[in-house]
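Structure, as structure tokens:
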Amino acid sequence: MGLLTNLRDSITRVTDRLFADDEPKRIGIYGPPNAGKTTLANRIARDWTGDAVGPESHIPHETRRARRKENVEIERNGKTVTIDIVDTPGVTTKVDYKEFLDHDMEKEDAVKRSREATEGVAEAMHWLREDVDGVIYVLDSTTDPFTQVNTMLIGIIESQDLPVLIFANKVDLDEADVKRIADAFPQHETVPLSALEGDNMDEVYEKIAEYFG
Amino acid sequence: MPEATTPEDGEDGVRIDLISGARMEGLTSMEKIRLILDSVRDGDIVVLEAGLSPEEESKLIEVTMTEISPDDFSGIEIETYPTSGQPNQGLVGRLLGKEETANKLTVIGPANQIETLHKDEDLISALVSRK
């Protein structure tokens with residue numbers, strides 16, 4: 001891409017954001033598979049609109065296509081923010097249909113699931129470059145956050161100059177270690193929560209209003 | 001494809017392509033991604049002296065996903081030395097689309113053949129199996 005094209009695109013991105021204050025902000029929920037992204041998206045959507053975003057499951061790649069819940073109005077401390085929540089498939093660099101066979105799935109269904117998952121991840125990556133105004137990055141606080149995918153994704157988000165909040169999910173579990181996540185990405189604020197149990201959601205909404213309002 | 005010889009038929013082994021930063025510098029983003037994925041799909045391991053930019057990493061994941069197919073190619077394993085601190089990049093550099101890629105030695109291989117055993121600030125230890 002030429003220098004002038006880059007410059008024009010950068011200026012367009014900046015002006016788009018400056019003049020789009022009246023439009024709902026598109027907030028992408030990103031993270032690795034099984035971090036609890038859909039559970040969180042559903043929790044936020046139910047709390048503020050009464051509807052869910054999509055089904056949740058312990059099987060990886062339950063969310064295979066991005067789902068959007070529009071016009072979610074969140075009020076906190078006198079500040080109101082209207083966001084479109086975009087729940088995305090778990091980002092990965094590999095998808096093997098054989099992994100789904102362990103979940104009592106027939107080969108045909110497993111292949112279909114993996115094909116949908118790859119399309120969903122490709123779409124989510126494209127949107128990250130082109131179509132979101134901010135990112136909620138969800139991590140499972142019971143697992144090691146120092147993975148290449150997490151490091152790459154955070155780097156990609158930073159390179160886009162997108163505001164990002166890191167949510168350390170599943171703090172209701174005994175093995176949860178929020179400090180490990182905070183230490184992994186010290187340049188960003190880490191908010192602990194349990195999307196499943198609804199723990200610490202007040203702070204979650206405060207931070208969403210603060211970061212994306 | 002790098003200008004390297006391919007293993008003779010019947011030859012048993014895993015090829016490793018060590019690609020210099022200078023060689024990658026002259027390529028477009030899509031040429032870099034094609035170079036990497038063509039090698040990895042052939043079962044080779046690619047080591048990049050200078051890593052990819054965040055934009056290129058994003059496109060690499062996207063293109064990889066479009067090429068995954070059952071019983072043929074299940075994706076990539078990728079490991080990079082962590083960069084020390086955040087990219088030191090000014091506003092002008094960002095406006096002109098210049099992205100930090102220096103000091104990011106990167107190892108990329110087929111997901112079904114490479115397994116990362118250990119990674120820290122100055123060591124990536126990987127187990128590579130034959131097909």
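No experiment lies behind these values; they were computed from the predicted model shown. In what follows, chains carry the letters A, B, and so on, assigned in the order in which the sequence lines appear, proteins first and then strands, with residues in each chain numbered from 1.
- Only the side chain of A/Leu153 comes within contact range of chain B, judged by heavy atoms closer than 4.5 Å.
- Interface residue B/Ile68: only side-chain heavy atoms are found under 4.5 Å from chain A.
- More than 12 heavy atoms of other residues, nucleotides or ligands lie within 6.0 Å of CZ in A/Arg76, so this atom counts as buried by the packing criterion.
- Partner of A/Val121 under the side chain to side chain contact (heavy atoms under 4.5 Å, CB included) criterion, chosen from B/Thr64, B/Thr66, B/Ile61: B/Ile61.
- Per-residue heavy-atom pair counts under 4.5 Å with chain A were compared for B/Ser69, B/Ser29, B/Pro110, B/Pro70, and the maximum is reached by B/Pro70.
- Closest of all the heavy-atom pairs between B/Met65 and A/Thr92 is CE-O, 3.1 Å.
- Using a 4.5 Å heavy-atom threshold, the side chains of A/Thr151 and B/Glu79 count as separate.
- No more than 12 heavy atoms of other residues, nucleotides or ligands lie within 6.0 Å of CD in A/Glu106, so this atom counts as exposed by the packing criterion.
- Taking the side chain as every heavy atom from C-beta outward, A/Glu123 and B/Glu62 never approach each other to under 4.5 Å.
- The side-chain heavy atoms of A/Met125 and B/Lys59, taken from C-beta on, include no pair separated by under 4.5 Å.
- Within 6.0 Å of atom NZ in A/Lys98, more than 12 heavy atoms from other residues, nucleotides or ligands are found, so the atom counts as buried in its surroundings.
- Under a cut-off of 6.0 angstrom, the local environment of CD in A/Glu108 is sparse, with at most 12 non-hydrogen atoms contributed by other residues, nucleotides or ligands.
- Of the atoms belonging to B/Ser58, heavy atoms from both backbone and side chain fall under 4.5 Å from chain A.
- Residues A/Met152 and B/Leu60 are not in side-chain contact: their nearest non-hydrogen atoms beyond the backbone lie 4.5 Å or more apart.
- Looking only at heavy-atom pairs under 4.5 Å with chain B, the residue among A/Pro186, A/Gly155, A/Ala124, A/Ala122 that has the most is A/Ala122.
- Side-chain atoms of B/Ser74 never come within 3.5 Å of backbone atoms of A/Val95 as a donor-acceptor pair (strictly under, hydrogens ignored).
- To the nearest 0.5 Å, the span separating OG1 on A/Thr93 from CD on B/Glu57 amounts to 11.5 Å.
- Proximity of a side-chain donor or acceptor of A/Gln148 to a complementary backbone N or O of B/Thr80 within less than 3.5 Å is detected.
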